[in-house]
Amino acid sequence: MERLNFAVGPVMMQEDIRSIGGRQVPYFRTREFSGLMKENEQMLKELSGAGEGSRVVFLTGSGTAGMEMAVMNSFREKDRVLVINGGSFGGRFEQLCEIHGISAESILLSPGEQLTESHLEQYSEKGFTGMLINMHETSTGVLYDMGMVGEFCRRNHIFLVVDAISSFLADKVAMEEWGIDLLILSSQKALALPPGMSFLVLGEKALVRAGESEVKSLYFRISDYLRDGERGQTPYTPAVSVLLQMNYRLRQVLETGVENEIRRVKKLSGYFREHIKEMPFKFFTSSPSNAVTALVPLTGVSAYQYFEKLDKEYNIWVCPNGGALKDKVFRVGHIGAVGQKDYDRLLDALRRIVEEGT
Ligand SMILES: *Cc1c(COP(=O)(O)O)cnc(C)c1O
């Protein structure tokens, strides 16, 4: 049977998107490619609810490269940054601050825990100038309340950087409405493109910060990308094929309507959760995103064994957890080119593993 991939990125891609990736890569210092890039910028802004004056940086590098670029160009030594650490992606922001000498404090959540107003209130009027948050902590499946976070940052004049890499096109992302100053996106999650590109959407304050930044890096200097981006170009060779695939995909999403695209993902996650509820699994969090369901098996088979059995015996990938959660939690993604029939096959396989026991 055909391989199914319910990992949380890279994900299954549509046939038409894949065929674009199979073409010869065109030369890109051309008017045609510049035009396509300007379209990509406009479409990304529209789909993320960015303000008119905002700009997009196209960075060839995985999502973490986007996170690092955002941190390096937004903050300096005089900043005091609040990091929301609810798992491995929050922890990554902590590491980045440490490496780049930026003073940071963390709100450490236990795995699966939701961020609340009372967590934030302790940090109100304490002189923080920035916040780093992963809208969806993909490692545990928790989706944070970004309206609440945005309101807190507005009140405290905090520069808000949001990693929405695993939320974009799976859950609502509203940059201007929530007062997000810098939004980080990536190609291989719900955008359902190959890995390799990340995208930074910069609001007006982010543009000012990037312009004033004395970042000690050539490749990660945002101001160079903004300068070349004005004519639809990048300073260095981008992942050209991915950007062509992106143009096709974004047009498609705009045609379908972003709400409908999100509704499709929500419906799939709802379908899966409705059925898995009747089986011996517990949901790891009570605040799940549409993108991922994190599951705790309740019978003798460990979470990691589910991953292995599904892979070897059923030709299905789910997403194992690492570290302390390895034997406790595995995750099922709802993003990419998957449909209800695919979930039926997964549910069937899970049912059989449950019945077999260890
Ligand atoms: C996938 C993901 C990333 C990017 O990770 P890379 O492996 O560097 O692409 C970053 N943040 C979140 C929340 C993610 O889900």
Side-chain angles (χ1 to χ4, degrees), residues 5-13 48 57-72 74 83-97 99 106-107 109 111-115 131-146 149 160-173 175 178 180 182-201 219-220 238-239 242 245-246 265 269 284-285 287-294 317-323 325 329-336:
N5 184 6
F6 298 99
V8 202
V11 298
M12 307 271 285
M13 298 191 290
S48 54
V57 164
F58 294 85
L59 176 70
T60 299
S62 85
T64 306
M67 293 165 75
E68 185 151 29
M69 188 188 223
V71 169
M72 288 170 79
S74 300
V83 177
I84 309 304
N85 183 353
S88 54
F89 290 105
R92 202 166 289 180
F93 269 139
E94 251 177 36
Q95 277 182 295
L96 286 169
C97 287
I99 286 166
S106 290
I107 298 183
L109 303 169
E113 185 186 1
Q114 180 56 286
L115 176 73
M131 184 191 281
L132 290 165
I133 183 169
N134 318 88
M135 165 171 173
H136 171 221
E137 176 47 70
T138 321
S139 66
T140 63
V142 176
L143 183 73
Y144 300 133
D145 178 348
M146 290 311 298
V149 170
L160 175 58
V161 176
V162 177
D163 162 3
I165 289 175
S166 60
S167 304
F168 185 62
L169 301 183
D171 285 281
K172 176 184 168 181
V173 174
M175 190 174 171
W178 295 335
I180 296 171
L182 197 162
L183 187 73
I184 308 161
L185 309 172
S186 188
S187 55
Q188 81 275 27
K189 303 286 167 78
L191 248 180
L193 303 172
M197 289 291 315
S198 47
F199 317 100
L200 272 60
V201 190
Y219 194 71
F220 288 98
V242 181
Q245 289 168 306
M246 178 183 199
V265 179
S269 64
F284 187 57
T285 175
S287 320
S289 68
N290 292 332
V292 173
T293 303
W317 275 315
V318 292
C319 210
N321 269 63
L325 296 177
V329 181
F330 71 89
R331 290 163 297 156
V332 175
H334 308 296
I335 54 183

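Every number for a ligand or one of its atoms is a count from 1 in the order of the listing. Atom set for the values below is all heavy atoms of this structure, side chains included, hydrogens, waters and symmetry mates excluded.
- A donor-acceptor pair under 3.5 Å is absent between the side-chain atoms of Ser139 and the main chain of Gly87, judged by distance alone.
- Side-chain atoms of Gln95 never come within 3.5 Å of backbone atoms of Gly90 as a donor-acceptor pair (strictly under, hydrogens ignored).
- Under the side chain to side chain contact (heavy atoms under 4.5 Å, CB included) test applied with Ile133, the options Leu115, Val83, Ile107 reduce to a single match, Leu115.
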List ligand 1's nitrogen or oxygen atoms that come under 3.5 Å of a protein nitrogen or oxygen, with the partner atom and distance.
| residue | atom | partner | partner atom | Å |
| --- | --- | --- | --- | --- |
| ligand 1 | 8 (O) | Ser62 | OG | 2.5 |
| ligand 1 | 8 (O) | Gly63 | N | 3.4 |
| ligand 1 | 8 (O) | Thr64 | N | 2.8 |
| ligand 1 | 8 (O) | Thr64 | OG1 | 2.5 |
| ligand 1 | 9 (O) | Gly63 | N | 2.9 |
| ligand 1 | 9 (O) | Gln188 | NE2 | 2.7 |
| ligand 1 | 11 (N) | Asp163 | OD2 | 2.6 |
| ligand 1 | 15 (O) | Thr138 | OG1 | 2.5 |
| ligand 1 | 15 (O) | Lys189 | NZ | 2.7 |

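- Of the possible donor and acceptor atoms, none in the side chain of Arg331 sits under 3.5 Å from a partner among the backbone N and O of Thr140.
- Using a 4.5 Å heavy-atom threshold, the side chains of Leu191 and Leu185 count as separate.
- The main-chain N or O of Asn290 is found under 3.5 Å from a side-chain atom of Asp171 such that the two form a donor-acceptor pair.
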